[in-house]
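Everything below concerns the one structure shown next.
Note: hydrogens, waters and symmetry copies are ignored here, and every other heavy atom, side chains too, is used.
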Number of protein chains: 2
Amino acid sequence: MELNNYISVDCVIFGFDGERLKVLLVDRTLSEGSTSFTDLTLTGNHVYENEPLDAAADRVLFELTGLTNIYLEQFKTFAHPDRLTKENDIKWLQHDGRDPFQRIVSVGYFALLATDQVTLEWKGRNVQWVPVDEVGELAFDHNLILESALLSLRNKIIHEPIGFELLPQKFTLSQVQKVYEIILDTEFDKRNFRKKVARMKYLIPLDEKQKGVAHKPAQLYMFSRDVYGNTKKDLLNFIV
Amino acid sequence: MELNNYISVDCVIFGFDGERLKVLLVDRTLSEGSTSFTDLTLTGNHVYENEPLDAAADRVLFELTGLTNIYLEQFKTFAHPDRLTKENDIKWLQHDGRDPFQRIVSVGYFALLATDQVTLEWKGRNVQWVPVDEVGELAFDHNLILESALLSLRNKIIHEPIGFELLPQKFTLSQVQKVYEIILDTEFDKRNFRKKVARMKYLIPLDEKQKGVAHKPAQLYMFSRDVYGNTKKDLLNFIV
DNA sequence: ATAACTTAGTGTTGTTTTTACACTTTAATC
DNA sequence: GATTAAAGTGTAAAAACAACACTAAGTTAT
């Protein structure tokens, strides 16, 4: 199977660690003759001839993390003629045997997961979680893509219950509140927030509590995609 | 300037005529030897080498309608390997001198305007407004693209005041209500709806009334993009 | 000129949702 | 057994929502 040389997908992999929203970035190091630099990129790849875009995004995510069945959504496409014209990017493409003047369409996807779902040593690639508000200058046009992904995420999380994708399967209400506070950069009143989520039938309380915490252990919940599918009415006006 | 042969944009041009939501479609007629068919397509075109996607979408819209400064938004990208493999589509591409096995990425945009902004005879192309709920089988994968555009439109119009883009500059509150009812396929109580829009500071009442209508003439309003920009808080929880 | 027609425009009441706000509980740790 | 840390809980006032019916102001038909 052959790679298409002008269509690629880039995945913005968001992770939440209980405290901050992070993005999974990959080292890009080039050292060749007098040229030498290191920086970070999102993960992406060309699609195969005959591969649908969604499949390519799944594959890219899998190749980096070993995970399948992760929330993944196409959010925007980037194809500006000058998107790959920074000096280091051209060197990198040349080193990689690619034509730096070939215009490349990159279809942006974002993925949501809990940071601890990823084993960073997977396939020995040099990969790291970086808090989204501490991301420096990235390779290619990846700062632009990241900003755009964040915007889409914020927009979407208000109206659909995707925040749970950033949490472990079993989670506490405080964790849910934290996810929404971090992503929307706001604070909610604890009691009011809990009253609101109490109305969501698809948040299922489990017969289980937190363990090993140095305070009153919290009730654990899980998110039921099934129940949600049947009660899509409160999709509108979700949080906020 | 040369056209890129694998990147295209397709524009879903929505129009409202006071009664229904329509989409602007273009005749595709091929008659050559024993092959002969007529159907309809969205409007689209390849982008020029060196042309950004947004510019290409503006251009495609302009070439069909002669209009500039129209609300236009990228909503999804289509690149399925089988998207152009229907028999008629292959014949059409061949007739057009294009390689039907070339994989083409199509970036979808939707435009919003009032149907009477468009002069259908523009450039003599065979163009027609079709109510979205009466659209038959379109060329290529354009039914898919249209459905996807409708979904994006419905999603967006709930949360951001873009309904006004489908109305003339000066409009009545009943027209606003109708737009939202048609697009969201629902009905609102007139008094409650008006109470809600009365809270929107960016709806500016004019010193002007409807003329020549066979009933009490309605107050005219306009939408102020400026005021809206300054009061984005009620972006959330807009209509519904 | 008047009647008929058509859509514009308006207020109240009961119900639900939102907001603001502080103390007790339960576990682990020292 | 005291300390620490987060979990969990209720109420009252304000705002928003939902349901509902008549009058006003033009045009058209007679």
**Message:** Could you work out, with salt bridge (Lys or Arg N to Asp or Glu O under 4.0 Å) as the rule, every residue matching A:Glu187, not counting sequence neighbours?
**Reply:** none
**Item:** Proximity to the side chain of B:Arg199 - top-ranked nucleotide from D:dA16, C:dT19, C:dT17
**Value:** D:dA16
**Asked** Any N or O donor-acceptor pair linking the side chain of B:Lys178 to the base of C:dT7 at under 3.5 Å?
**Response** no
**Asked** Are A:Arg194 and D:dG8 close enough that a side-chain N or O sits under 4.0 Å from OP1 or OP2?
**Response** yes
**Asked** Considering all heavy atoms of both residues, which atom of A:Thr41 and which atom of A:Ala139 are nearest to each other, and what is their separation?
**Response** CG2-CB, 3.3 Å
**Request:** Please report, rounded to the nearest Å, how far the P atom of D:dG8 is from the NZ atom of A:Lys196.
**Result:** 20 Å
**Fill in**
Residues at least two apart in sequence or cross-chain that pass ring-ring contact (aromatic ring centres under 6.0 Å, His included) with A:Phe171, listed by chain then number, are A:Phe164
**Test salt bridge (Lys or Arg N to Asp or Glu O under 4.0 Å) applied to B:Lys209 - qualifying residues, sequence neighbours left out** = none
**Fill in**
Rounded to whole Å, NZ of B:Lys195 lies from C1' of D:dA15 at a distance of 12 Å
**Request:** Measure from CZ on A:Phe193 to C1' on C:dA20 and round the result to the nearest Å.
**Result:** 17 Å
**Atom-to-atom span, CG of A:Asn192 to P of D:dT9 - whole angstrom** = 14 Å
**For A:Gln74 against A:Thr77, the heavy-atom pair lying closest together** = NE2-OG1, 4.2 Å
**Request:** Within residues 210-220 of chain A, find the residues that approach DNA chain C with a heavy atom at under 4.0 Å, and present them sorted by residue number.
**Result:** A:Val213, A:Ala214, A:His215, A:Lys216, A:Pro217
**Prompt:** Listed by chain and number, what are the side-chain contact (heavy atoms from CB on, under 4.5 Å) partners of B:Lys216, not counting sequence neighbours?
**Reply:** none
**Complete:** Regarding the side chain of B:Asp189, the nearest nucleotide among C:dA8, C:dA22, D:dC20 is D:dC20
**Asked** Between A:Arg225 and A:Glu165, is the closest basic N to carboxylate O distance under 4.0 Å?
**Response** yes
**Prompt:** Going by an N to O cut-off under 4.0 Å, is there a salt bridge joining B:Glu147 and B:Lys76?
**Reply:** no
**Message:** Which residues in residues 169-176 of chain B have a heavy atom closer than 4.0 Å to any atom of DNA chain D?
**Reply:** none
**Asked** Does a salt bridge link B:Asp185 with B:Arg20, judged by any charged N lying under 4.0 Å from a carboxylate O?
**Response** no
**Item:** Side-chain N or O of B:Arg191 closer than 4.0 Å to phosphate OP1/OP2 of D:dT23
**Value:** no
**Message:** Just N and O in the side chain of A:Lys209: are any of them under 4.0 Å from OP1 or OP2 of C:dA27?
**Reply:** no
